[in-house]
Amino acid sequence: MEQSKNLAGVAWTNGSLVGSLNPLNHGFRTSDGQGGYIITNTHTQYKRAKRDADGNIVQGDAEDDVVSNLVVQFHNRDGETVGDAMDVPTTAGSEELASLLRALLHPDDDADEENDTKIKGQVPYAFFAKVTKMIKVRDPSTLELIEKPIKEDIDITDYPSLTHFLRRYRNEVSTEQTLQLTYQPLAVFKVRPVTRCTDTLPGHTDAILHVTYSPDGRHLASGGGDSTVRFWDINTSTPRRTCKGHYDHVLCTSWGRDGVLFASGDKRGHLIIWDPVKGEARGTIKAHSKWITGIDWEPMHRNKSCERLVTSSKDGLAKIWNVRTKRAEATLAGHSDSVECVKWGGEGLIYTASRDRQIKVWNAQDGGGKEGNSRVGVLVRTLVGHGHRINTLAVSCDYVCRTGPFDHHGRVAGVESRDRDSNEWRDVAYRAAVEKYTAFKGSDEPERLVSGSDDNTLLVWHPAIDKRPIKRLTGHQQAVNHIAFSPDARFFASASFDKKIKVWNGRTGDFVNTLTGHVGSVYQVAWSSDGRYLVSASKDSTAKLWEMPSGKKAKETLPGHEDEVYALDWSPSGGSVATGSKDRTLKIWKH
């Protein structure tokens, strides 16, 4: 039989589909382009539903409540269809769907399974099904509760098969209609789990409150109660620079998106910009009248100069600074109490969270409003929903903004110059950062914000377009003090004083898992760069490694600290984890 024109690279023999499109012989069917289907032979046997004497289906049969085949249509994140609608068996899982998708994306790849070493054939994928749910909302005119349909993207990657997904959403998904599947490429590389302590770094004379790797993963910085900022050589695990200039606790730190500068804020309201290579202060600014609670830099895809940052303070203000001129470009005033957290998003907006139970959204760029004439520092909207102080914020693009133009090797593709102050490096790095963010965001993906509060709940927001929360997440029994999105934003994790970590779906906010094992409050969590592992720091003097998203119990316990572990970070290169403790030491953990 001749090869169909719309299926280049696929061979048909005696009615059977062979080659890369059907590598596991699951009996896929594809449209013939004339309103019918080309059907492949399959050796898969489907179990008939058991029926009683009256012809009714007997309940409890493992295969009796789901159809054996389902028509699916693949889409990329821009909404473009890939291939024709395919009829697949519901026994197929994400691996089989990924094999089918690769064949559709690369029909000219004739490499067989044994010899296929091409990177494109090894790319793993996540799949999201569009599901229509009915939710109850209050009619503004009658104040009565009415049902309203909303569409959600449900991550089906971790379901063993389509059968399990269809059972879970039997009321929302019709098997008589085409199931729309959106695919998202996952990290090609794999990070090895950290299992042992390779180095203990003494030097600080008080508790270590912050540990952070640079965006390229080549530098490590720490700060704490001894008023110093220290930079460490990650290759030799020795001190590189000890920077003195603060006169009180260093409460927050942050790396510039290009890795050139480092900012630290202290309990007296001073902001210092450091050169991590020379260990010198580029400038000291009296930024606030009370202690600084947060620092975040402008993403490189918004400004290639990487010279602006935002600070938040107990004085109720947030300020946008230009570190080159050392001047405040705008003061963000409006909160009635201490601003506990600040985030600079990927869409030109700044988010501040306060003890006054409100989150405020600010414009961070001139011309950033709907009419294109908004000024820097203008209040866009106020988000209200929490019943107690807000402790933490996380934005879906946090990891992409943090690593900027760098890949997981710490390199910028296509750049020869190593001088990060050169125009050549900045131009190439800026383009790389823009491409990376654009690929992450997709066409219609709204920026998502998650807030954690002392009211024990989390709220999910689309802050760029709506002032109402998308969903309230309950389950924690005590205050939520830290939230972190996975690098691909498929999941986010929340850490709480209730000694537990909860994992949530990054798009819908649906509960995924509870990680139980710590015997003290959990202070902080960090994801591996491939999103397959999570580490947590706790009051119980340990860090723990968890396999994501399915691991309910810790894969590894990382003991060794003699007191509470306040801070940790996973290197963007994936090679090591750093933890900082009240015992005044840092520890480096590797595979």
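Quick note: numbers below take in every heavy atom, side chains included, and nothing from hydrogens, waters or symmetry partners.
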- Task: Using a cut-off of 6.0 Å, state whether more than 12 heavy atoms not belonging to Arg490 lie near its atom CZ.
- Result: yes
Does [X] have its ring centroid less than 6.0 Å away from the ring centroid of [Y]?
| X | Y | value |
| --- | --- | --- |
| Tyr183 | Phe127 | no |
| Trp527 | Tyr399 | no |
| Tyr159 | His164 | no |

[X]/[Y] ion pair, N-O < 4.0 Å:
| X | Y | result |
| --- | --- | --- |
| Arg426 | Asp258 | yes |
| Glu298 | Arg257 | no |
| Asp296 | Arg308 | no |
| Arg389 | Asp356 | no |
| Arg532 | Asp530 | yes |

Donor-acceptor contact below 3.5 Å, side chain [X] vs main chain [Y]:
| X | Y | answer |
| --- | --- | --- |
| Ser313 | Trp291 | yes |
| Arg355 | Ile390 | no |
| Asn456 | Gln477 | yes |
| His462 | Glu447 | no |
| Gln73 | Gly83 | yes |
| Ser528 | Gly574 | no |
| Asp398 | Val395 | yes |
| Thr90 | Val67 | yes |
| Ser573 | His408 | no |
| Ser486 | Phe491 | yes |

- Message: Assess the residue pair Lys502 and Thr514 against the criterion (side-chain hydrogen bond (donor to acceptor under 3.5 Å, both in side chains)); give the C-alpha distance rounded to whole Å, side-chain angles, the decisive distance to 0.1 Å, and a yes or no.
- Response: CA-CA 4 Å; Lys502 291 187 181 292; Thr514 297; 2.8 Å; yes
Whether the [X] and [Y] side chains hold a donor-acceptor pair (N or O, under 3.5 Å, no angle test) is what I'd like checked.
| X | Y | result |
| --- | --- | --- |
| His386 | Ser451 | yes |
| Ser338 | Glu340 | yes |
| His335 | Gln358 | no |
| Lys319 | Ser312 | no |

- Task: Apply side-chain contact (heavy atoms from CB on, under 4.5 Å) to the pair His301 and Cys401, showing each step before the final yes or no.
- Result: CA-CA 8 Å; His301 70 267; Cys401 292; 3.8 Å; yes
- Item | Where Trp255 and Tyr213 come nearest, the two heavy atoms and their spacing | CD1-O, 3.3 Å
- Task: Might you point out which heavy atoms bring Ser536 and His518 nearest each other, and give the distance in Å?
- Result: OG-NE2, 2.7 Å
- Taken to the nearest 0.5 Å, the spacing of Lys290 NZ from Leu317 CG works out to 10.0 Å
- Item | Any residue meeting salt bridge (charged side-chain N to carboxylate O under 4.0 Å, His left out) with Lys499, in chain and number order, not counting sequence neighbours | none
- Determine the interplanar angle of the Trp570 and Tyr533 rings, folded into 0 to 90°, and report it as parallel if under 30°, tilted if 30 to 60°, perpendicular if over 60°. parallel
- Item | Worked check of salt bridge (charged side-chain N to carboxylate O under 4.0 Å, His left out) between Arg468 and Asp466 | CA-CA 6 Å; Arg468 294 167 298 183; Asp466 197 353; 3.4 Å; yes
- Can you check salt bridge (charged side-chain N to carboxylate O under 4.0 Å, His left out) on Lys471 and Asp510, steps first, answer last? CA-CA 9 Å; Lys471 183 175 286 189; Asp510 289 344; 2.6 Å; yes
- Task: Would you check, one step at a time, whether the test side-chain contact (heavy atoms from CB on, under 4.5 Å) holds for Ile501 with Val525?
- Result: CA-CA 9 Å; Ile501 303 155; Val525 292; 4.3 Å; yes
- Query: What pairs with Trp362 under side chain to side chain donor-acceptor pair (under 3.5 Å), at least two apart in sequence or on another chain?
  - Reply: Thr352
